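See below for the structure under consideration.
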There are 2 protein chains.
Amino acid sequence: MRLSKRGEYGLRAMIVLAEPVDKNAMPVVQIKEIAQREQISPKFLEQILLALKNAGLLHSKMGVGGGYYLARSPREITLGQVFRVLDGPVAPIKCVSQMSYEPCGCPDEQTCGLRQVMGDVRNAIADILDNTSLADVVKRQSTVRKKLGIK
Amino acid sequence: MRLSKRGEYGLRAMIVLAEPVDKNAMPVVQIKEIAQREQISPKFLEQILLALKNAGLLHSKMGVGGGYYLARSPREITLGQVFRVLDGPVAPIKCVSQMSYEPCGCPDEQTCGLRQVMGDVRNAIADILDNTSLADVVKRQSTVRKKLGIK
DNA sequence: TTAAAAGTATACTAGTACTATAGACTTTAT
DNA sequence: ATAAAGTCTATAGTACTAGTATACTTTTAA
């Protein structure tokens with residue numbers, strides 16, 4: 001479960017989009033703005049957001065005043081969903097992947113001790129990523145900010 | 001935490017070396033034998049075992065009748081130790097790595113929600129890998145074999 | 001003492017993934 | 001009509017992966 005820059009930027013952008021904005025009916029945010037706030041190359045971010053859109057996690061509005069917005073409530077989008085779109089399976093090795101299994105080359109999968117342990121690792125990672133929503137992250141951030149007396 | 005072939009082969013080899021042999025004083029195993037049993041290119045395995053030796057996890061004996069053997073008891077070698085030699089840090093992102101920290105580019109590390117979650121992931125992975133020894137894996141394998149009535 | 005077995009060390013390579021960058025195109029508000 | 005904004009595809013440099021290849025050293029046994 002290595003987080004690539006692609007995955008990192010995508011997750012950061014999704015978290016930005018999940019932050020509570022002034023109660024507009026449609027809190028559309030432009031690529032440019034996200035890129036600036038998070039110090040990301042706008043052109044690179046473009047590709048990433050497009051991928052998230054094609055995966056159904058984001059919607060967009062073209063033209064003047066357009067931008068991106070979450071396809072569902074922040075409570076209903078998990079980090080696991082975003083991660084899998086951008087960085088693929090969560091499992092450290094294909095033979096323990098739930099979403100995209102493939103055999104590795106070991107003599108006997110059933111009795112392979114390494115596979116058992118890696119299965120545990122996969123489950124530990126998936127437990128966290130699939131049970132943490134964008135809303136959870138935003139909440140956690142603001143808790144820390146309060147504790148530190150920031151903003 | 002993606003397990004490369006290098007890491008996979010190395011871990012598999014270490015598990016083989018941890019399996020209980022006839023009670024010889026020094027259970028030395030040759031590269032060739034491990035490579036055959038685990039279906040690994042001998043030349044590739046050579047590099048991997050050498051790296052593990054230079055890291056102090058294996059010892060070797062040159063010449064006729066030589067080979068590799070564990071530097072310590074299987075109980076005292078963890079999967080985490082082996083993994084880090086071959087595949088580097090366990091953390092999904094550098095800014096949460098305990099063993100080899102580096103800042104990522106986020107605006108503020110202290111309040112970065114993504115970083116907090118990735119820290120949890122790192123800890124979950126490290127908990128498993130650093131608390132599972134080669135002996136544990138061997139034991140688990142034989143338990144499964146018994147349950148299945150194999151060999 | 002010499003040949004063969006075994007590990008040591010380094011260099012090289014083909015393929016793939018990562019991290020962007022670039023440019024042309026489409027849609028929409030004003 | 002124009003400018004703002006997203007869409008789509010191609011390309012490029014770099015690093016990493018998974019090996020291969022080759023030459024060398026140490027050790028044992030005949």
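Just so we're on the same page: letters track the sequence lines, and every chain starts at 1. From a predicted model like this one, the values you see are computed outputs, not experimental measurements.
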Can you tell me if [X] touches the phosphate of [N], counting only side-chain N or O atoms and a distance under 4.0 Å to OP1 or OP2?
X: Tyr69(B); N: dG7(C); result: no
X: Ser60(B); N: dT8(C); result: yes
X: Lys53(B); N: dG7(C); result: no
X: Tyr68(A); N: dA5(D); result: no
X: Ser41(B); N: dT20(D); result: yes
X: Tyr9(B); N: dG19(D); result: yes

TODO: Could you check Leu58(B) against Leu70(B) for side chain to side chain contact (heavy atoms under 4.5 Å, CB included), going step by step and ending with a plain yes or no?
DONE: CA-CA 5 Å; Leu58(B) 285 180; Leu70(B) 299 182; 3.7 Å; yes
In whole angstrom, give the distance that lies between atom [atom1] of [X] and atom [atom2] of [N].
X: Arg6(B); N: dG19(D); atom1: CZ; atom2: P; value: 12 Å
X: Ile34(A); N: dG6(D); atom1: CD1; atom2: C1'; value: 12 Å
X: Ile48(A); N: dC18(C); atom1: CD1; atom2: C1'; value: 11 Å
X: Leu45(B); N: dA18(D); atom1: CG; atom2: P; value: 14 Å
X: Lys5(A); N: dT14(D); atom1: NZ; atom2: P; value: 18 Å
X: Lys32(B); N: dA4(C); atom1: NZ; atom2: C1'; value: 10 Å

Just compare [options] and give me whichever is closest to any side-chain atom of [X].
X: Gln30(B); options: dG7(C), dT19(C), dA20(C); value: dG7(C)
X: Met62(A); options: dT26(C), dT27(D), dT19(C); value: dT26(C)
X: Lys43(A); options: dA21(D), dG6(D), dC8(D); value: dC8(D)
X: Glu46(A); options: dA5(D), dC8(D), dT26(D); value: dC8(D)
X: Gln47(A); options: dA20(C), dT28(D), dG19(D); value: dA20(C)
X: Lys61(A); options: dA24(C), dA29(C), dG19(D); value: dA29(C)

Task: Spatial distance of atom CD (Gln81(B)) from atom CG (Leu57(B)) [nearest 0.5 Å] - done: 6.0 Å
Task: Arg84(A) with Asp130(A): basic N within carboxylate O range, under 4.0 Å - done: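 So Arg84(A) pairs with Asp130(A) through a salt bridge.
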Open item on the list: Is there a path of hydrophobic side-chain contacts, each under 4.5 Å between heavy atoms, that joins Leu50(B) and Met62(B)?
Closed with: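 Leu50(B) and Met62(B): separate clusters.
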Task: Linked, directly or transitively: Val138(A) and Leu17(A) (ILVMFWY side chains, under 4.5 Å) - done: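 In one cluster with Val138(A): Leu17(A), yes.
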Open item on the list: Mind checking if Gly66(A) touches a base, just sugar-phosphate, or nothing, with heavy atoms under 4.0 Å?
Closed with: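 Here Gly66(A) touches the backbone only, sparing every base.
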- [ ] Describe the nucleic acid contact of Ile31(A) in one word from base, sugar-phosphate, nothing, applying a heavy-atom distance below 4.0 Å.
- [x]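 Sugar-phosphate: the residue Ile31(A), judged by heavy atoms under 4.0 Å, touches backbone atoms but no base.
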TODO: Mind running a 4.0 Å heavy-atom check of residues 77-95 of chain B against DNA chain D and sending the residues that fall below it, in number order?
DONE: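 Those residues: none at all.
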- [ ] Could you tell me whether the side chain of Glu38(B) reaches within less than 4.5 Å of the side chain of Pro107(A), counting heavy atoms only?
- [x] yes
- [ ] Find which nucleotide of DNA chain D each of Val64(A) and Leu49(A) is nearest to by heavy atoms, and output the residue with the more 5' nucleotide.
- [x] Val64(A)
TODO: For Met1(B) and Met118(A), run side chain to side chain contact (heavy atoms under 4.5 Å, CB included): C-alpha distance rounded to whole Å, both residues' side-chain angles, the deciding distance at 0.1 Å, then the answer.
DONE: CA-CA 10 Å; Met1(B) 215 289 304; Met118(A) 288 302 150; 4.2 Å; yes
Task: Under 3.5 Å: donor-acceptor pair, side chain of Asp87(A), backbone of Phe83(A) - done: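 Side chain of Asp87(A) to backbone of Phe83(A), a donor-acceptor pair under 3.5 Å: no, none is there.
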Task: Earlier contact from the 5' end, DNA chain C, for Gly65(A) and Pro42(A) - done: Pro42(A)
